[in-house]
2 protein chains.
Amino acid sequence: MRNIQVTPGAATLLALLAAHGALSRTDLAKHSGLTQGAVTKALRPLLDEGYVHELATEPGRVRAVGRPSTPIELRADREDVLGIKLTDDTAIGVLTDLRAEVRHSAELPLPSPDVPEVVGVVARLARILLERRDSEGIPVAGDRARRLGLAVSGDVDRTRGLVRYSPFLRWRDVPLADLVAAATGLSVTVENDVKSLACKELLTGAGAGLRSFAVVTIGAGIGCSLVVEGTLVAGAFGVAGELGHLVVDRAGPACHCGSRGCVEATASTAAIEHALASATGTQGLSVLDGARLAADGDEAAARCLTDAGDAIGTALAAVANLFGPQRIVVTGEGLDAGPLIPAAARERFQRQAFATAARCELEFRPMPLLGWAAGAAAVAVQNAFRPTNRTASSSTVRTRRSDEALQVRQAVQ
Amino acid sequence: MRNIQVTPGAATLLALLAAHGALSRTDLAKHSGLTQGAVTKALRPLLDEGYVHELATEPGRVRAVGRPSTPIELRADREDVLGIKLTDDTAIGVLTDLRAEVRHSAELPLPSPDVPEVVGVVARLARILLERRDSEGIPVAGDRARRLGLAVSGDVDRTRGLVRYSPFLRWRDVPLADLVAAATGLSVTVENDVKSLACKELLTGAGAGLRSFAVVTIGAGIGCSLVVEGTLVAGAFGVAGELGHLVVDRAGPACHCGSRGCVEATASTAAIEHALASATGTQGLSVLDGARLAADGDEAAARCLTDAGDAIGTALAAVANLFGPQRIVVTGEGLDAGPLIPAAARERFQRQAFATAARCELEFRPMPLLGWAAGAAAVAVQNAFRPTNRTASSSTVRTRRSDEALQVRQAVQ
DNA sequence: GGGATTACTTTCCCAGATCAAGTTTTTGTC
DNA sequence: GACAAAAACTTGATCTGGGAAAGTAATCCC
């Protein structure tokens, strides 16, 4: 954050305020584990720089006795943040506030996966987003955006800003963050798209304040990203949350991964469309068409959708049994097709979730494509709220160390 | 640890030394992320109290130039630690050193799951373990054991020392740690048995120094415990790692949990025995009998074992795809039955692990029952190596806070 | 106005690190 | 055999974030 030294305490408070809305200093102390004094101290620079502000004493308080508390609120408009999601043929960008709420959006086609070209399009899109904000006279409370989050499907090394492998773009080891930073002058983060979504949920959404939750996306593929004890699971080899290739039915349809009966081979958009074609005998039906047919009483079409939901339910139960998350958010384009899929998934989940794991809440929530870009912005925000560690800049030695060091330190707790 | 104030730095170093063996101060600095100065300082009280010692300069060093380094080694014999595993009918106890390596063991029957009686047996077993050490003249370098770890299957709240639910003992909300502490005067920890095993692996075993790994046990049940980014996954509702009820084959045998085709319904000891009985027509065959038959060319018996291995392979692939651990250790009594199960599991795993998740190493390792008790001891050791936080004793307010506070603080990173 | 009660501030202090400049112990070279 | 070079460790000054506890502020109630 500009002009500001984010201490660990301040970072905690910012995250709390983003997640909970306004909180009094006393409440902040309670939730953060800091003392009141520490909260006062940590808040001062944030107030000075305009990252938070005091609200009027809340009028409708219950206990009338004692000094009324002063709610502190994050000034989400203090800084703008950009988020861009790359698909195989489009770059979708949003300009958001510090809570990763979308203020406006724009979109550019990606003519080819050629790296310099993509970087150029991203830079152009960033400029468009910023200029449009200016031209539309959107009130600017604080700084023009200096941060840009990128979301890409595939294997991403967030700490290095490296796209290790992207099947859609056919990239390997592209240092995307550096390239885009050089082209735009912004501070750039890159993260896997599903993990970005989880970041958004962690920051202000369904995961705010939860120990552990999961985000599952259904659409062209089946994605999953897991937050355990507040940490996003990364996977030792870059793979984690590969829920799409969980085998739910050994006798199920063949999957492109070589296995049989993967969730993705039953519940991805393409798989449902394929099933619809063979079940109804009509080619070229979309999932929405199928939903419409099902609503009109077509049992075969309905069957295709409930089969998909059923597979998803099994997958959700597997996640719940292994992790015991408090909540699973299911989202993505695949949810636009009405209630059949969620209903079937819920039912199957209840049957297969073991013991108390069944208490895990399922939240089905359709999401526009923009949501992916907002996720990208959330990663950038999260980066802004991270404690600025003085030592990071001190020497290469420390940077080299930090990887293993962090791991060891965490292991101790 | 007695007479000693474990600072965070010291805790990190102890964990490193337990995992890596001897390391020079410089290496410790590199691995811990501390500066050399901090290492020197943190090591001093540990040296003074005899928890670590300096070794002679290593002779076979390569670069001959410069001052040779002094390796520091954990003095594992500085303290004894007790570990006891409770099954439905037996208490198995071990006395170990600070690396949770077994020095000797003892065992007592548990006539009933009656709580006071169990507590009594545990106390007696602890006394026996300590006395036998004395009577056998085992050299005592340091302190007599003051820590006891307990391992129980089921849902355990380690921070409160509470057995929330144990199906085998038919317990609910038993404050076991407090009861045993009162009966023995020892500092007592309680943890789920499979998680205890993971602690041992994390401390000195296959998981030492790994970001993420999993321990899967096969035997009477199928257990699993996950370490992600150095943290043991707990599960929001006490359930996590319920691998046993992952559905691997919807058309598979019915499971006692009400579902069909769970891993446990195919690969637990009872399930294999059941399958053997129906496949061979002979009642009362044990898994070992089945393995012998298979070795003698009985295809039906072999089939039962490979089916079990196959189910386990699917389960392992699910774990690898979801978490991307660096390694999965498969252990437990179920591995005593020869190579058929591991072979089948490996094969299935390779087919179903997605992309780089297949690089996850599988380690199959039979384990004596004592291993469970050693795991319990590892939890006690881990507790000894934890930073002693001064504030914990300060007030109830802080304790009440700490739960949510910790969560928020971690979320920030 | 004077408690009672709650919210927040201030001050002082301390543990645990870092930083940077030593010191020690070795090898290699002239 | 003195001396540079190199690596491993020590030392001490200093910084930083946060804790403890006493002080101040704002409100209600009598």
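Chain A is the first sequence line, chain B the second, and so forth, proteins listed ahead of strands; every chain is numbered from 1. Because the structure is a prediction, the values reported are computed rather than measured.
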### Residue from B:Leu203, B:Thr204, B:Val81 passing side chain to side chain contact (heavy atoms under 4.5 Å, CB included) with B:Arg99
B:Thr204
### Task
Report the residue (B:Asp27 or A:Gly9) whose heavy-atom-nearest nucleotide on DNA chain D is the more 5′ of the two.
B:Asp27
### Query
Between A:Gly37 and B:Ala38, which has a closest nucleotide on DNA chain D that is more 5'?
B:Ala38
### Task
Taking the side chain as every heavy atom from C-beta outward, state whether A:Thr189 and A:Arg158 have any atom pair closer than 4.5 Å.
no
### Query
Hey, does B:Leu55 have a side-chain heavy atom less than 4.5 Å from the side chain of B:Ile72?
no
### Query
Does the ring centre of B:Phe213 sit less than 6.0 Å away from the ring centre of B:Phe323?
no
### Message
Whole angstroms only, please: what is the CZ-P distance between B:Arg44 and D:dT11?
### Response
5 Å
#### Entry: Between C1' of C:dT24 and CD of B:Gln36, the distance in whole Å
13 Å
### Task
Record whether the side chain of A:Arg67 comes under 3.5 Å of the base of C:dA7 through a donor-acceptor pair of N or O atoms.
yes
### Query
Side-chain donor or acceptor of B:Lys41 under 3.5 Å from a matching atom on the base of C:dT18?
yes
### Message
So B:Thr40, base contact, sugar-phosphate only, or nothing? Heavy-atom distance under 4.0 Å.
### Response
base
### Minimum-distance nucleotide (side-chain atoms of B:Leu34 versus C:dT25, C:dT18, D:dA26)
C:dT18
